Each structure stands twice: as C-alpha cells, then as structure tokens.
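Here the structure is laid out as structure tokens; the discussion comes afterwards.
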Amino acid sequence: MAPEKPSDFIREIITGDLETNKYEGRVHTRFPPEPNGYLHIGHAKSICLNFGIAGEFGGLCNLRFDDTNPTKEEVEYVESIKEDVRWLGFDWGDRLFYASDYFAQLYRFAVELIQKGKAYVCDLTADQIREYRGTLTTPGKESPYRNRPVEENLDLFARMKAGEFPDGSRTLRAKVDMASGNINMRDPVMYRILHAEHHRTGDQWCIYPMYDWAHGQCDSIECITHSICTLEFEDHRPLYDWFLDELRAYHPRQIEFARLNLSHTVLSKRKLIQLVREGHVRGWDDPRMPTISGFRRRGYTPEAIRNFCDRIGVAKRDSVVDIALLEHCLREDLNRRAPRVMAVLRPLRVIIDNYPEGVVEELEATNNPEDPGMGTRKVPFSRVLYIEREDFRETPPKEFYRLAPGREVRLRYAYFITCTGAVRDEKTGEVVELRCTYDPATRGGDSPDGRKVKATLHWVSAPHALQAEVRLYDHLFVKEDPGAMGEGEDFKSSLNPKSIETLTSCFVEPGLKAAAAGSRHQFERQGYFCVDPDSSGETLVFNRTVTLRDTWAKIEKAQKR
RNA sequence: UGGGGAGUCGUCCAAUGGCAGGACGGCAGACUCUGGAUCUGCUUAUAGGGGUUCGAAUCCUCUCUCCCCAGCCA
C-alpha cells in the first residue's frame with residue numbers, strides 16, 4: 001500500500017554529490033516548462049521528480065518558464081501550468097522565474113562571446129544554414145561570415161537588437177566546430193530576429209535567444225545543482241558545457257532520464273494540440289486527455305498521480321508504461337476515500353407487486369465499507385424501482401447469477417426479491433418492466449432463515465430518483481502505442497471511436513442532489529464517478545473516472561471466445 | 001555508413017562479481033450484502049556469440065536490435 005521511498009540512478013548521483021560535497025551540500029532543481037500547451041502526465045513525472053528530490057534532500061525546486069519563443073507561447077498556458085503544478089501538490093515558494101527575466105543578461109553574455117571571438121553574426125538564410133550544416137555522416141562547411149571582425153559583429157548584433165533588420169535576415173551563431181560529429185556543435189544559432197510580441201516583455205525585444213543558448217545559462221544563473229532533463233538533450237550537454245566554459249560560469253550537473261510513454265494515448269504536445277485544434281476532443285481538459293487538467297476533470301486525484309509517478313521509476317531506457325498501472329493507483333486511492341452511492345445507468349423498471357402502494361421506507365446504507373468513520377445514510381425504498389438493465393437476463397448464461405425469471409437476489413441494503421415475470425413492449429419485444437415479489441422478513445438485506453442469494457444488485461427508488469447525465473469514457477486510442485505508425489499513417493487513425501458514450505437517462509440516489517462539482521463517488525458495482533463542471537441544479541452530469549474491476553465482464557468475454 | 005544513448009518476466013522497475021526480486025497485468029482459489037475491496041497461490045525474463053572468474057545480468061570482446069540528433073522549435 002504505502003509506496004517505499006523511491007530510489008533511482010538520479011537520486012544515487014545526488015547522494016554521491018552530497019557525499020563529496022560537490023555543491024556545498026546544496027540540492028537545487030527546477031521544473032522548466034515551455035508555456036506552449038497544457039501539462040500532461042509526462043510532465044507530472046518530471047514535476048514529481050524535481051520537486052520530490054528537492055523535498056527529500058532538503059533542497060529547493062524552482063518553477064521556470066522557458067519562454068524564449070513568443071510565437072508559440074501564451075499567458076493562458078502559463079496560468080494553466082501554475083494551476084496544475086499547485087494541484088499536483090507542489091510549491092515553488094517565491095521562486096517563480098521566466099527565461100525572459102534573463103534576456104538582458106543573456107544579451108550581455110552574447111556580447112561577451114562576440115568579444116572573445118566565439119560568436120558571430122551570420123547572414124546566411126535558413127536554407128543556406130541547413131546546407132552548410134552538412135549531414136549526419138558528412139561534416140559541415142564554415143559560413144562565409146564566420147570570420148567577420150569582432151567590431152563588425154558587435155555593430156551588427158547591436159543593430160539586430162535595435163530592429164534594423166527584418167525577421168530571418170541574420171542570426172547570431174556560436175563559433176564552435178562545423179566538423180563535429182555532434183551536429184549541435186556545428187555553429188548553432190544563438191539568436192534569431194523575431195519581431196513578435198512576447199507575453200511578458202512585449203515589444204521590448206526583436207531578437208530572441210534559442211533554447212540551446214538560453215537554457216544552460218538560466219540554470220547557471222539560478223545556481224541549479226542538478227539539471228534534470230529528458231534523453232534527447234544528452235547530446236546538447238557538450239554545447240551547454242562549451243557555453244558555460246567560455247563564459248567561465250557556474251556549471252550545474254545535467255542528468256538525463258527517459259520520458260514517460262503511456263499505453264493507449266499520446267504524450268507529445270504537438271499531437272495533443274492537434275487533437276484539441278481539430279476538435280477530436282472538447283479541449284485541453286477533456287476527460288479523455290492525458291493532460292493534468294483532463295485527469296483532474298475526469299476525477300483523478302493528485303495523490304493517485306503522484307503515487308503512479310513514484311511507482312513507474314526513473315531510468316534511461318525507453319519504455320511504455322501500461323495505463324492499467326495508472327488506473328490501479330487511482331482505484332487504490334478512490335477505494336479508500338470515495339463514498340459509495342447507488343446509481344442506475346441503464347434503467348429497467350421493477351414493480352414489487354406485494355409491496356404496499358404509497359409506502360416509503362428509509363433504509364440504512366454504509367457510506368464506505370473501507371472506512372466506517374464515514375458513517376451511514378438513509379436511502380428511500382418504495383414499490384417501484386429501477387435496476388440495471390444488464391442485471392436481468394431472461395435466459396441467463398452459465399455463471400450469470402443475477403436476476404432472471406424465478407430467481408431470487410438481494411437488493412443492496414433492502415430486501416430479497418424474486419422475479420415473477422417480464423413485461424415486453426408489444427412492438428419491439430424488448431423487456432420494459434419486471435414484476436417481482438419481496439420477502440418482508442429480509443428487510444435490510446439479511447435473511448433470518450440463513451437463506452443465501454448469489455447476487456446483490458444496486459437499485460434506486462423510482463419516485464425519489466434524480467435524473468442524471470453520465471459520460472462514460474474509454475481509452476482515447478485503440479492501439480497500445482498510437483505513436484508507432486507505419487509509413488504515411490496518421491496517429492489519429494487509431495483514435496477510439498467509442499472513447500466517450502453519453503447516457504442521459506440515468507437515475508441516482510436523491511442524496512446526490514447537492515453534490516459539488518468535482519466531488520467523487522463510487523457508484524456501487526460500477527465505478528468511480530465525479531461531478532462534471534457542466535453539472536447544474538437543473539441537470540446533474542457525472543464523468544466516469546474509472547470502472548471497478550469487472551470479473552463478470554471477463555467471464556462473459558471468455559465465454560464468447 | 002557520423003555523434004550520443006539503451007537492451008532483465010506480457011509491462012514497468014530492482015539486483016552495483018555471490019540464490020534474478022518487487023509492482024502491474026494474466027490465471028486459479030478463499031472470503032464477501034459491491035462479481036468491488038481484501039487474502040493466498042501460480043505464471044514468465046538477463047538480445048546473441050566468445051572470453052575472464054570458484055562464481056557473470058554485472059567485467060572484457062565481437063555481433064545484433066531499438067531510440068535520439070541534420071528547426072532561425074523546446
């Protein structure tokens with residue numbers, strides 16, 4: 001139950017650094033998102049790692065927005081990211097930073113490199129730069145502007161900053177090594193001209209630093225001890241070291257780990273933004289999305305997500321974590337805390353023929369068998385009820401031990417009932433109503449004669465039930481790894497057409513009338529559900545967060561095969 | 001075919017020269033007023049070859065496979 005203290009190669013490295021007193025005993029990490037989209041579960045892994053490590057080692061973790069590309073970044077994203085990190089349960093204190101806070105400093109650093117002859121203004125077009133860069137197997141060619149005099153570089157760079165040149169006309173490049181096997185070292189662009197409005201600095205700048213130029217210096221400025229990032233930045237590390245060496249600046253230690261992949265979904269901002277923009281989902285917080293806001297709306301708890309992040313571990317090999325593990329963590333948490341309630345999703349009317357008309361009984365029900373402290377409640381019982389349509393079969397298959405003609409079952413917390421007949425619709429032949437009798441001696445659900453029944457059904461009293469809309473969700477993608485596609489195939493081709501099913505005539509216990517948006521309940525025998533923000537006093541709307549484990553469904557599936 | 005990484009149960013993570021272990025999943029059973037929860041048991045793995053060693057997942061060596069890099073994205 002309680003997750004052991006996670007340990008991994010990163011924490012081992014940090015422990016080692018502490019032992020050798022490499023950073024005067026400090027541990028200072030940071031979570032550096034680009035505000036160009038909403039955070040997803042992969043970011044949660046990074047957040048839990050960075051903030052978690054800081055917490056465990058008595059250190060600090062900064063929140064820093066990598067806002068170096070004004071054409072893609074927006075305040076809406078900044079706000080959502082702050083909300084999501086907070087919701088996950090982490091606190092950056094007074095250490096909220098932006099790469100844009102350091103634009104002036106970065107500019108001075110660039111001038112310093114120019115003066116050292118380590119950076120130059122290049123007039124090559126983007127296409128030319130690509131040509132000159134060479135390929136994976138052939139070295140690049142040096143730019144004809146590579147050996148411009150320092151004074152000319154200084155003048156041109158100042159005029160780039162002053163806005164004298166159009167977008168794309170020139171860049172500032174680091175003078176490293178065009179023949180390096182590491183393409184990142186082939187005179188990378190440090191600044192590009194972009195006459196774009198920045199969400200924080202407005203029109204103050206028209207040259208913007210590239211990530212590779214900004215990132216290492218930002219970490220250095222903030223005196224980060226351990227710069228934890230994903231694998232693809234492993235071969236950028238030599239460049240970051242080169243910059244810091246040339247600037248004689250403080251070096252954080254960069255450690256790379258494998259990003260999270262989750263089965264049956266995609267975790268790439270490019271793909272997620274596509275799902276949102278093309279309307280395949282209803283927004284970033286669509287409960288089917290693997291975004292933090294999507295999970296929140298779906299009814300996930302921060303505890304479940306954090307526990308999941310602890311359990312998946314941290315390593316350097318690519319992997320795809322089964323979404324079943326996330327769902328397991330969720331159920332484990334919700335099982336402990338979610339109050340139980342009865343709700344009928346696909347109603348079938350039941351008349352108890354021998355129960356007096358007009359009588360209403362209040363029966364006592366347990367709120368959470370896992371936690372007696374959560375008490376009990378009263379649920380109304382009467383002659384006309386709804387039960388789940390799938391809990392009745394006219395000709396029950398093998399191992400189906402719910403209701404069928406002539407069979408006796410228990411209504412949870414109520415009575416034993418026996419089915420005496422099914423009423424059909426004359427035209428369609430569909431069963432529309434069940435006639436049953438009850439045994440008054442079994443009130444509360446116990447039989448004084450010790451008689452057993454094989455099944456216990458959930459139910460609601462028809463005259464007291466509240467109507468509700470319930471949205472059932474399934475995996476967004478049918479394929480386990482939608483990202484792995486063949487030639488010319490689109491990841492959206494494996495979108496699950498049944499990822500959402502909306503049921504509008506569901507009935508829930510009257511006690512749910514005032515349920516607050518976001519509140520979570522277990523609908524007994526079915527799953528965990530939470531109140532969607534679309535819910536109003538008029539219509540209750542629930543999202544199915546996750547189903548309960550369903551043994552019968554498995555048996556039935558096996559029987560069909 | 002340059003450079004950088006990675007290969008352990010179906011999946012994820014351990015084992016840091018000394019009995020390959022845990023979790024999830026799956027299967028079987030016990031229990032149960034949720035076919036839930038809980039409990040018990042079972043299942044299956046060191047990419048391949050050679051070498052060092054009393055002993056190798058771990059060290060050496062060759063091979064194979066997979067991932068990342070040729071944005072004025074991050």
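All figures in this text were calculated on a predicted structure; none of them were measured in a lab. Numbered from 1 within each chain, the chains take letters A, B, ... in sequence-line order.
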Whole-Å distance separating the NZ atom of Lys398(A) from the C1' atom of rG35(B): 16 Å
Counting side-chain heavy atoms from CB outward, which of rG36(B), rU34(B), rA70(B) is closest to Leu136(A)? rA70(B)
Mark yes when over 12 heavy atoms from residues, nucleotides or ligands other than Arg259(A) sit less than 6.0 Å from its CZ; otherwise mark no. no
I want to check something: taking the side chain as every heavy atom from C-beta on, are Phe400(A) and Arg407(A) in contact at a cut-off of under 4.5 Å? yes
Whole angstrom value for the distance that separates C1' of rC69(B) from OH of Tyr240(A): 12 Å
If you pin Tyr401(A) and His328(A) to their nearest nucleotides in RNA chain B, which one's is more 5'? His328(A)
Using the C1' atoms only, state how far rC9(B) lies from rA47(B), rounded to an integer number of Å. 15 Å
Expressed as a whole number of Å, how far does the P atom of rA14(B) sit from that of rG7(B)? 9 Å
So that I know where these two stand, are Phe295(A) and Phe308(A) an aromatic pair - ring centroids less than 6.0 Å apart? no
Given rA70(B), rC67(B), rC24(B), which nucleotide is nearest the side-chain atoms of Asp318(A)? rC67(B)
From rC69(B), rC12(B), rG36(B), nucleotide with atom closest to Ile312(A) side chain: rC12(B)
Indicate, yes or no, whether a donor-acceptor pair under 3.5 Å links the base of rG36(B) to the side chain of Glu370(A). yes
Could you check whether Glu234(A) gets within reach of a base, just the sugar-phosphate, or nothing at all, counting any heavy atom under 4.0 Å? sugar-phosphate
Measure the distance from CD on Glu256(A) to P on rG3(B) and round it to the nearest whole Å. 19 Å
Side chain of Arg549(A) (C-beta onward), nearest among rG35(B), rG26(B), rA70(B): rG26(B)
Give me the distance, rounded to whole Å, that separates rC19(B) from rG55(B) when you measure between the P atoms they each carry. 15 Å
Ring pair (Phe, Tyr, Trp, His ring centres under 6.0 Å) filter on His521(A), not counting sequence neighbours, yields none
With the side chain counted from C-beta on, respond yes when Leu239(A) and Pro188(A) share a heavy-atom pair under 4.5 Å apart, and no when they do not. yes
Can you tell me if Ser319(A) touches the phosphate of rC13(B), counting only side-chain N or O atoms and a distance under 4.0 Å to OP1 or OP2? yes
What nitrogen or oxygen pairs link the protein and nucleotides 41-47 of chain B at under 3.5 Å?
none

With C1' as the reference atom in both, quote the distance from rA23(B) to rG18(B) in angstrom, rounded to an integer. 25 Å
Once you measure the plane-to-plane angle for Tyr102(A) and Phe97(A), does it fall in the parallel (<30°), tilted (30-60°) or perpendicular (>60°) bin? tilted
Does Glu399(A) reach a base, just sugar-phosphate, or nothing at all? Heavy atoms under 4.0 Å. base
Heavy-atom closest pair, residues Phe165(A) and Leu156(A): CE1-O, 3.6 Å
Is His458(A) close enough to rU34(B) that one of its side-chain N or O atoms is under 4.0 Å from OP1 or OP2 there? no
Look at all strands and tell whether Leu548(A) reaches a base, only sugar-phosphate, or nothing, counting heavy atoms closer than 4.0 Å. base
Between Glu361(A) and Tyr415(A): side-chain donor-acceptor atoms closer than 3.5 Å: yes
Sugar-phosphate, base or nothing in reach of Pro238(A), heavy atoms under 4.0 Å: nothing
Please, what dot-bracket string fits RNA chain B when only Watson-Crick and G-U pairs with both distances under 3.5 Å count, crossing ones use [ ] and pairs to another strand use |? .((((((..((((....[..)))).(((((.......)))))....(((((..]....))))))))))).....
Residue pairs, two or more places apart or on separate chains, that pass salt bridge (Lys or Arg N to Asp or Glu O under 4.0 Å) and touch residues 313-324 of chain A: Glu234(A)-Lys316(A), Glu256(A)-Lys316(A)
Compare all side-chain heavy atoms of Gln526(A) with those of His458(A) and state whether any distance is below 4.5 angstrom. yes
Could you tell me whether the side chain of Arg192(A) and the main chain of Pro209(A) form a donor-acceptor pair under 3.5 Å? yes
So Tyr240(A) and His236(A), would you call those rings parallel, tilted or perpendicular, with 30° and 60° as cut-offs? tilted
Mind checking Thr137(A) for me? I need base, sugar-phosphate or nothing, with any heavy atom below 4.0 Å counting as a touch. base
Measuring to OP1 and OP2 of rU8(B), would you say a side-chain N or O of Arg317(A) lies under 4.0 angstrom away? yes
Ring geometry between Trp284(A) and Tyr38(A) (parallel below 30°, tilted from 30 to 60°, perpendicular above 60°): parallel
Can you tell me how far C1' in rC73(B) sits from the matching atom in rU61(B), rounded to whole Å? 42 Å
Which protein N or O atoms sit under 3.5 Å from an N or O of nucleotides 72-74 of chain B?
{"from": "rC72(B)", "atom 1": "OP1", "to": "Arg133(A)", "atom 2": "NH2", "distance (Å)": "3.3"}
{"from": "rC72(B)", "atom 1": "OP2", "to": "Arg133(A)", "atom 2": "NH1", "distance (Å)": "3.0"}
{"from": "rC72(B)", "atom 1": "N3", "to": "Gly168(A)", "atom 2": "O", "distance (Å)": "3.2"}
{"from": "rC72(B)", "atom 1": "N4", "to": "Leu124(A)", "atom 2": "O", "distance (Å)": "2.9"}
{"from": "rC72(B)", "atom 1": "N4", "to": "Ala126(A)", "atom 2": "N", "distance (Å)": "3.2"}
{"from": "rC72(B)", "atom 1": "N4", "to": "Gly168(A)", "atom 2": "O", "distance (Å)": "2.9"}
{"from": "rC73(B)", "atom 1": "OP2", "to": "Arg192(A)", "atom 2": "NE", "distance (Å)": "3.1"}
{"from": "rC73(B)", "atom 1": "OP2", "to": "Arg192(A)", "atom 2": "NH2", "distance (Å)": "2.9"}
{"from": "rC73(B)", "atom 1": "O3'", "to": "Arg192(A)", "atom 2": "NH2", "distance (Å)": "3.2"}
{"from": "rC73(B)", "atom 1": "O2'", "to": "Asn69(A)", "atom 2": "ND2", "distance (Å)": "3.1"}
{"from": "rA74(B)", "atom 1": "OP1", "to": "Thr68(A)", "atom 2": "OG1", "distance (Å)": "2.8"}
{"from": "rA74(B)", "atom 1": "OP1", "to": "Arg192(A)", "atom 2": "NH1", "distance (Å)": "3.3"}
{"from": "rA74(B)", "atom 1": "OP1", "to": "Arg192(A)", "atom 2": "NH2", "distance (Å)": "2.9"}
{"from": "rA74(B)", "atom 1": "OP2", "to": "Tyr211(A)", "atom 2": "N", "distance (Å)": "2.9"}

For rG71(B), does the O4'-C1'-N9-C4 (purine) or O4'-C1'-N1-C2 (pyrimidine) torsion place it in syn, i.e. within 90° of 0, or in anti? syn
So Arg340(A), base contact, sugar-phosphate only, or nothing? Heavy-atom distance under 4.0 Å. base
Whole angstrom value for the distance that separates C1' of rA6(B) from CZ of Phe9(A): 11 Å
Distance check needed: rU34(B) P versus Tyr528(A) OH, whole Å only. 13 Å
Phe529(A) ring center within less than 6.0 Å of Phe542(A) ring center: no
Of the nucleotides rC12(B), rG2(B), rG35(B), which has the atom closest to the Val321(A) side chain? rC12(B)
Sequence neighbours left out, what pairs pass salt bridge (Lys or Arg N to Asp or Glu O under 4.0 Å) with at least one residue falling in residues 119-139 of chain A? Asp123(A)-Arg148(A), Asp123(A)-Arg170(A), Asp127(A)-Arg130(A)
When rounded to the nearest Å, what value does the distance between C1' atoms of rA56(B) and rG48(B) take? 16 Å
Here the distance between atom P of rC24(B) and atom CG of Leu262(A), to the nearest Å, is 17 Å
Quickly work out the Trp242(A) CH2 to rG3(B) C1' distance and round it to whole Å. 18 Å
Would you say rG2(B) has OP1 or OP2 under 4.0 Å from some side-chain N or O of Ser180(A)? no
Considering only atom C1', compute the distance from rC59(B) to rG22(B) and round it to an integer number of Å. 27 Å
Between Ala414(A) and Val314(A), which residue's closest nucleotide on RNA chain B lies nearer the 5′ terminus? Val314(A)
Phosphate OP1/OP2 of rG26(B): any Lys554(A) side-chain N/O under 4.0 Å: yes
